[in-house]
Amino acid sequence: MTSTTYSKSNFKHGLSVFLWTLRNNVAVIVVYLSLIAFDAVTSSVFGLIFSGTDESRSLHDFARQLAAGSMVSGTFRYALIIGFVLCIRSFSYLHNKRRTDMFGSLPVSRRTMYFSRLLSSFIISAVPMIIVCLIVAVFVTNNINFGAEIIGVNFNLFEYTLRLTLILFSCISLFGLLSICCGRTVDKIISFFAINLGAPVVMLLLMVLPALLVMGYHIDINWYWVVFLSPLFSVFSFDIFYWLIFCAAALAGSFFLVKNRKAECAQSHFAYKLPMVAVKIIVSFSAGVVTGMLFALIAVITYSKRGDIALFWVGMLLGSFVAYTIIQLIFAKGFKGFLKGLIPYGAMILCFALYFTSLSTGFFGYESYVPNINEVKSVSFNSDQKLYINGVNILEHEITDKKIIKKAIDAHKQELKDAKPIYNRANMFNRANVGINQNDTNAYDSVFEQYTITGDNNFTITYTLNDGRKISRAYNNYYQLPDDDESLDGVISIGFLDTNDYKENISPLFICDKKYLADVDINYEPADDSDEDSDDENYTAVKTKKALTLYDTLMKDYKKHGFISESDNFSDYSLTFYFGDKSSELNNTEAFFDVPSNYKETLKLLKKYSI
Amino acid sequence: MIEIKNLTKKFGEITALDNLSFNVSDGTVFGLVGSNGAGKSTLLRVLSGVFQADGGEVFIDGENVFENRRIKDRCFFICDYPFFSNADTIEKTAFLYRSIYESWDEEYFNRLCETFPLNRKQKIINMSKGMQRQSALILALSTRPKYLFIDEIFDGLDPVVRSLVKKLIITNVTDNNMTVIIASHNLRELEDICDHVGLIHRGGILLEKELDELKLGIHKVQLAFNGEIDENAFNDLAIVNKSRNGNLFNLTIRGAEEDFMPKLKALNPVFMESLPLTLEEVFINEMEVAGYDINNIL
């Protein structure tokens with residue numbers, strides 16, 4: 001009979017539910033372990049097969065490495081899938097009326113019930129994965145630092161295991177939180193994938209859109225922000241502390257929400273409406289912007305200079321409304337509450353319209369802002385030309401010379417003045433090319449370049465202010481090497497690119513230590529020769545001692561005569577210096593130099609070395 | 001003891017329970033009857049802690065039941081369609097209840113498994129509807145609940161098992177002072193085991209009485225007269241329902257027999273007989289009064 005004292009603790013109840021869930025999922029566990037075993041065997045067999053084609057390496061090592069990589073990544077995939085299946089099963093007691101009756105009437109607190117099931121889902125999916133990782137570490141690779149050959153990055157296996165485990169737990173805790181908020185399993189699944197897939201798309205669109213509308217916008221895609229709601233893709237930008245906080249937030253949210261969740265929501269409607277609204281906005285926004293961009297492409301394809309914005313908005317409204325309607329039909333099982341649900345949709349459109357308008361009108365002065373010379377401490381230019389010495393791009397250093405800073409600011413202002421009218425006339429996908437060639441109407445190229453984001457010929461100017469803030473502006477296709485003024489669009493090339501100061505600060509010829517000099521190409525091209533295929537043209541490659549002698553002689557002449565800027569005074573010789581840190585294939589760069597006609601010593605040497 | 005005070009439960013704009021108040025004493029079998037959608041199942045779900053009340057309070061043994069593990073440990077709820085997962089057997093489900101319910105009685109569980117014609121290792125999902133309910137009852141009674149809430153337990157049970165179920169419930173009530181609330185439309189079965197009845201309609205309670213008192217408080221009287229009789233002759237009686245076939249009258253009269261019989265005798269009928277109403281007839285009459293009759297529905 002009933003006792004007056006009650007001895008069952010929450011822990012005991014939790015343990016009971018946990019063990020019962022394990023027992024109920026024996027079939028899932030068996031399938032999971034079978035998949036892992038199958039994967040381990042096939043990985044090893046394929047490892048052996050492929051290792052037979054590589055004679056330069058130890059068959060045993062290669063097979064072992066391949067098997068290890070396949071096993072770890074394969075098990076992680078299975079862990080995610082099994083975790084997903086278990087979450088659906090474990091939290092179905094919140095979404096099925098009959099299950100709700102049974103589990104809701106048990107003398108187990110809602111929190112204990114929820115967290116026991118969450119834990120069981122996590123343990124079942126994570127433990128085999130962790131064990132496989134440890135087996136791989138201890139028995140397969142005999143080395144916890146593996147992965148250089150397998151996944152391109154040299155991970156510590158324990159760190160890697162921790163990373164995978166945390167990603168898995170983040171996914172499960174988010175899934176659990178959504179399970180509490182949703183009334184139906186289908187809503188839960190849609191919400192989970194909408195957030196994991198849709199949120200990064202929204203973030204990317206928000207980050208990329210300014211580049212289409214704001215001249216000089218410096219795209220700095222922060223991948224942490226892109227995947228900040230998406231544990232499924234967190235592997236691309238993993239920060240252990242952020243994901244720990246994410247898990248803690250999801251668990252805390254679950255802790256507070258699960259207790260007062262209305263059980264009658266099962267098989268009916270959302271218990272908490274925030275995820276529903278978020279999913280509707282994410283889906284309708286993504287669909288709207290993507291459709292808008294597709295519509296705006298019509299203007300690009302037809303070489304139209306106008307109408308892209310209108311077409312974008314037609315597509316935006318159409319795409320977002322259709323997506324919203326579809327998601328509303330799924331969530332509400334009909335049109336019930338459709339009009340009321342349009343309020344967040346309307347708010348989203350309004351907010352986006354404000355954002356879009358601010359971008360189109362210069363983004364609150366972002367477009368036209370150039371700092372005052374008194375505010376600027378240094379300026380730096382970042383082009384596609386890079387020189388890595390010991391892993392550092394030394395061309396990205398900051399110039400503090402006030403004369404150069406002034407020239408940069410003046411040039412920047414002039415460029416804005418000249419380019420703005422042209423920029424405004426171009427359609428949103430073609431603006432990337434405004435700088436280099438105003439007549440370029442190759443729409444597909446420009447679209448392609450825009451989406452490569454850091455495409456060829458990007459030029460970024462960065463001001464470091466006295467208070468430490470950095471102001472960056474990026475212009476596509478503006479930057480050309482200093483000696484080649486053929487296609488410069490004016491403003492950036494004026495003045496400072498030809499100064500000794502600038503060249504000494506930027507050209508690898510002056511920055512790199514001559515110990516990194518690999519070789520020099522001597523190019524001979526008579527200036528008065530109009531025939532491009534003339535036999536008089538030639539080039540000679542010189543190496544080591546000769547290259548160093550040539551370099552030293554050139555430097556002597558430079559010190560004696562300095563630079564010249566008039567092209568009429570150049571000789572028929574030009575040089576290409578190749579620098580490289582021999583320790584790495586990545587660290588190569590080159591510097592061009594048109595030899596002036598008054599560099600007598602250098603020209604004498606060139607005649608001697610040339611064929 | 002179960003005390004329900006001003007209980008209200010809403011589902012959106014629908015009020016399923018509207019300011020409901022009544023008590024259920026320990027050791028009683030309380031029959032919950034009412035029209036479809038009256039709120040019987042909702043009330044059981046609130047009592048068992050599945051639903052949280054939107055207004056009012058539910059006290060069991062003086063404590064609020066929602067999220068109260070100690071109180072919920074004394075209760076067991078068998079819903080109208082008990083849930084069992086695909087792999088569940090009686091044995092497997094017992095594994096959960098055994099570890100959760102403090103008062104789980106293993107010996108009684110074994111005895112019940114032998115009493116009912118069921119295989120405890122068979123998957124419950126493959127059993128018939130009646131057998132599933134028997135399984136649920138075995139598990140419920142094995143937890144030795146002080147309060148048992150049952151929704152439509154007699155649905156799908158054959159007459160023999162129905163008798164067995166009633167016997168088991170009565171035995172537990174008498175031996176262990178168990179309190180049972182049964183919601184059912186099968187009024188014939190309820191009549192056999194209930195000592196109290198509550199009639200719910202549109203979320204409110206129409207009446208709540210001891211079954212005997214209820215049945216003694218309303219009667220069906222058949223009267224035959226030799227000649228014409230003025231129908232106004234019955235005006236000073238508490239007539240609930242009246243039908244006439246020539247000179248033969250069928251009256252449903254509220255009140256004690258000794259109160260209305262002398263008045264009827266005074267009308268000199270050639271034949272007069274007073275019959276007790278079945279629970280079903282009481283239900284129909286009371287619901288008619290509440291405006292829920294066939295004519296209104298149709």
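Just so we're on the same page: letters track the sequence lines, and every chain starts at 1.
The ring of B/Phe109 has its center closer than 6.0 angstrom to the ring center of B/Trp104. Separation of the B/Phe22 and B/Phe30 ring centroids falls under the 6.0 Å cut-off. A centroid separation of 6.0 Å or more is found between the aromatic rings of A/Phe115 and A/Phe18. Taking the ring centroids of A/Tyr93 and B/Phe83, they lie at or beyond the 6.0 Å cut-off.
Cation-pi geometry between A/Lys188 and A/Phe175 is not satisfied (NZ or CZ under 6.0 Å from the ring centre, within 45° of the ring normal). By the 6.0 Å and 45° rule, A/Arg23 stacks over the aromatic ring of B/Phe95. Taking the centre and axis of the six-membered ring of A/Phe103, the NZ or CZ atom of A/Arg117 falls inside the cone set by 45° and 6.0 Å.
Comparing B/Phe11, B/Phe149, B/Tyr101 by heavy-atom pairs within less than 4.5 Å of chain A, the highest count is held by B/Tyr101. Between chain B and the options A/Lys97, A/Lys259, A/His269, the largest number of non-hydrogen pairs under 4.5 Å is found for A/Lys259. Interface remark: of the candidates A/Val17, A/Asn260, A/Thr112, A/Asn96, A/Asn260 forms the most heavy-atom pairs closer than 4.5 Å to chain B. Of all the listed residues (B/Ala87, B/Gly49, B/Ser48), the one sharing the greatest number of non-hydrogen pairs under 4.5 Å with chain A is B/Ser48. Note: A/Asn10 leads A/Asn10, A/Leu15, A/Val26 in heavy-atom pairs under 4.5 Å with chain B. Ranked by heavy-atom pairs under 4.5 Å with chain B, the first of A/Arg111, A/His13, A/Arg98 is A/Arg98. In terms of heavy-atom pairs under 4.5 Å with chain A, the best-connected choice from B/Arg98, B/Gln52, B/Glu67 is B/Glu67. With chain B as partner, the option from A/Ser16, A/Gly104, A/Pro107 having the largest number of non-hydrogen pairs under 4.5 angstrom is A/Pro107.
For A/Asp101, the parts sitting under 4.5 Å from any heavy atom of chain B are the backbone and the side chain alike. Contact annotation for B/Asp151: neither backbone nor side-chain heavy atoms come within less than 4.5 Å of a heavy atom of chain A. For B/Lys92, the parts lying near chain A are the backbone and the side chain together; criterion is any non-hydrogen pair under 4.5 Å. Proximity to chain A is limited to the side chain of B/Asp88, based on heavy atoms less than 4.5 angstrom apart.
For the pair B/His196 (side chain) and B/Gly31 (backbone), a donor-acceptor distance under 3.5 Å is absent.
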